[in-house]
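What follows is a single structure, written as structure tokens, with notes after it.
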2 protein chains.
Amino acid sequence: MKRNAAQHDHRKCVHTALSTAEAVCKARGEKLTPVRKRVLELVWASHRPVGAYALLDSLRADGRSAAPPTVYRALEFLLAQGLVHRVESLNAYLGCAHPAADHAAQFLICRQCGTAAELEETDIASAIDRHAKRAGFTVERRTVEAMGLCAACQTA
Amino acid sequence: MKRNAAQHDHRKCVHTALSTAEAVCKARGEKLTPVRKRVLELVWASHRPVGAYALLDSLRADGRSAAPPTVYRALEFLLAQGLVHRVESLNAYLGCAHPAADHAAQFLICRQCGTAAELEETDIASAIDRHAKRAGFTVERRTVEAMGLCAACQTA
DNA sequence: TCTTGATTGAAATAGTATAACATCCACATC
DNA sequence: GATGTGGATGTTATACTATTTCAATCAAGA
């Protein structure tokens, strides 16, 4: 296991993510097709943001026929369902830790080990919205990404 | 003039940005060479984030010999001096409104007219840092970008 | 003058993402 | 069961963003 962060039962993470996804899609009448499910599983293979072409390589390693649109279409679906997030500063994708509800997420990305933790702090979002409102600006989406060192990498 | 935001004397913006840049570089013993200065001027041609290849096209339109590294190197320098910001969610670059001091900036980007306003609200940065600290995470850089509608585009 | 280091020029390539069109499949309807 | 419809996928090509590498040039100090 490559993670530097606290050890945990990662299979449980993956399993939870996949079953939640099944439930969410079923409730919405959306189809979690095999490609989509597999891409979600691959995104959840680690707690690090993964690039689209890394996902593509993995799909191909499965023996599946795949081209860039294959993975981008799957990601588009998963993003629309809130099952994954896009990390803008890395052009990479990360499984969403709390996919059931709408939420404004923030990310803590470790420059050392690459892991990303997801926060959902409403006061960060509301601070942004408040200052935006003062400028007459209506916020629709927020990108909040902090780069630095995670707890494990600081001690090391 | 294409901006939907409040009208203003944009030549003054550009002039101020360029003279501040001269001063900042001089004070630091850094060289604001012709290419760098021209790229800064082009970035300031509007209050919208500009893509690197759009800058490249403009450099070429000047009659200057230019390749991608030309503009990326200039941008790298300007970013290092805090004279421009990179907008991660657009892969684009924006003149910094307050280049003299170190600061944590936030951006309000209008999806309609493309203009971006820069905020420098310490409480947004500190809210991020506070939650990060609770997670044992040390923040080194923050990316805060809000997408939505600016005042002008809302009324329209 | 010499030399050293930063800057720029130039060519190639890597990495990220989308467009366009064909094909297939599931499902509803007849 | 045949047919039609729309969503999903396959496939090829291309657009957009960024970096690597090495050569040439320039500026400033010894």
Side-chain angles (χ1 to χ4, degrees), chain A residues 21-22 25-26 28-43 48-81 83-94 109 114 143 145, chain B residues 21-22 25-26 28-43 48-81 83-94 109 114 143 145:
Chain A
E22 296 274 19
C25 289
K26 184 164 187 180
R28 294 177 189 161
E30 300 285 350
K31 291 184 246 184
L32 190 64
T33 63
V35 206
R36 291 168 176 175
K37 188 170 178 178
R38 179 64 177 141
V39 168
L40 182 59
E41 188 180 10
L42 288 168
V43 164
R48 306 169 211 255
V50 194
Y53 279 71
L55 294 169
L56 180 56
D57 289 344
S58 302
L59 283 182
R60 284 174 169 161
D62 287 352
R64 199 184 292 263
S65 144
T70 309
V71 58
Y72 281 104
R73 287 196 279 230
L75 287 170
E76 179 184 33
F77 172 85
L78 296 169
L79 287 165
Q81 300 306 316
L83 297 169
V84 306
H85 292 289
R86 178 179 158 83
V87 179
E88 299 290 348
S89 56
L90 298 175
N91 295 333
Y93 305 84
L94 184 69
I109 306 157
T143 297
E145 299 169 8
Chain B
E22 296 274 19
C25 289
K26 185 165 188 179
R28 294 178 189 162
E30 300 285 351
K31 293 182 247 183
L32 190 65
T33 63
V35 206
R36 290 167 178 178
K37 187 170 177 179
R38 179 63 177 141
V39 168
L40 182 59
E41 188 180 9
L42 289 168
V43 165
R48 307 169 211 254
V50 194
Y53 279 71
L55 294 169
L56 180 56
D57 288 345
S58 301
L59 284 182
R60 285 175 168 161
D62 287 352
R64 198 184 292 263
S65 145
T70 309
V71 58
Y72 281 105
R73 286 196 280 230
L75 288 171
E76 180 184 34
F77 172 85
L78 297 169
L79 287 166
Q81 299 307 317
L83 297 169
V84 306
H85 291 289
R86 178 179 158 82
V87 178
E88 300 290 348
S89 57
L90 297 175
N91 295 332
Y93 304 85
L94 186 67
I109 307 156
T143 297
E145 300 168 7

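The sequence lines fix the lettering, A, B, ..., with proteins before strands; numbering per chain opens at 1.
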Salt bridge (charged side-chain N to carboxylate O under 4.0 Å, His left out) with A/Glu22: which residues, sequence neighbours excluded?
A/Lys37
Identify the heavy atoms of A/Leu83 and A/Cys25 that sit nearest to each other, and give their distance.
CD1-SG, 4.2 Å
Scan residues 30-41 of chain B against DNA chain D and write down, sorted by residue number, each residue with any heavy atom closer than 4.0 Å; if none is found, say none.
none
Under a criterion of less than 4.0 angstrom to any heavy atom of chain B, what are the 5'-terminal and 3'-terminal contacting nucleotides of DNA chain C?
C/dT7 to C/dA11
Note: A/Tyr93 and A/Val43 closest approach over all heavy atoms is O-CG1, 4.1 Å
Review item, nucleotides 14-18 of chain D N/O atoms under 3.5 Å of protein N/O:
residue: D/dA18; atom: OP1; partner: B/Arg86; partner atom: NH1; Å: 2.5
residue: D/dA18; atom: OP1; partner: B/Arg86; partner atom: NH2; Å: 2.9
residue: D/dA18; atom: OP2; partner: B/Tyr72; partner atom: OH; Å: 2.9
residue: D/dA18; atom: OP2; partner: B/Tyr93; partner atom: OH; Å: 3.3
residue: D/dA18; atom: O5'; partner: B/Tyr72; partner atom: OH; Å: 3.3
residue: D/dA18; atom: N7; partner: B/Tyr53; partner atom: OH; Å: 2.5
residue: D/dA18; atom: N6; partner: B/Tyr53; partner atom: OH; Å: 3.3

Any donor-acceptor N/O pair, B/Arg38 side chain to B/Asp62 backbone, under 3.5 Å
no
Of the non-hydrogen atoms in A/Ala92 and A/Pro49, which two are nearest, and what is the gap between them?
CB-CB, 3.5 Å
For B/Arg36, all residues meeting salt bridge (charged side-chain N to carboxylate O under 4.0 Å, His left out), sequence neighbours excluded:
none
Restricting to non-hydrogen atoms, name the atom on A/Leu78 and the atom on A/Leu40 that form the minimum distance, rounded to 0.1 Å.
CD1-N, 3.8 Å
Considering all heavy atoms, the nearest B/Glu88-B/Glu145 contact
N-OE2, 2.7 Å
Counting distance alone, no hydrogens or angles: does the base of D/dG7 have a donor or acceptor under 3.5 Å from a partner atom on the side chain of A/Arg73?
no
Side chains of residues 64-77 of chain A: which donor-acceptor partners sit under 3.5 Å, not counting sequence neighbours?
residue: A/Thr70; atom: OG1; partner: A/Ala67; partner atom: N; Å: 3.0
residue: A/Thr70; atom: OG1; partner: A/Ala67; partner atom: O; Å: 3.0

Minimal non-hydrogen separation, A/Asn91 against A/Arg86, with atom names
OD1-NH2, 2.8 Å
What integer distance in Å separates A/Leu75:CG from D/dA8:P?
15 Å
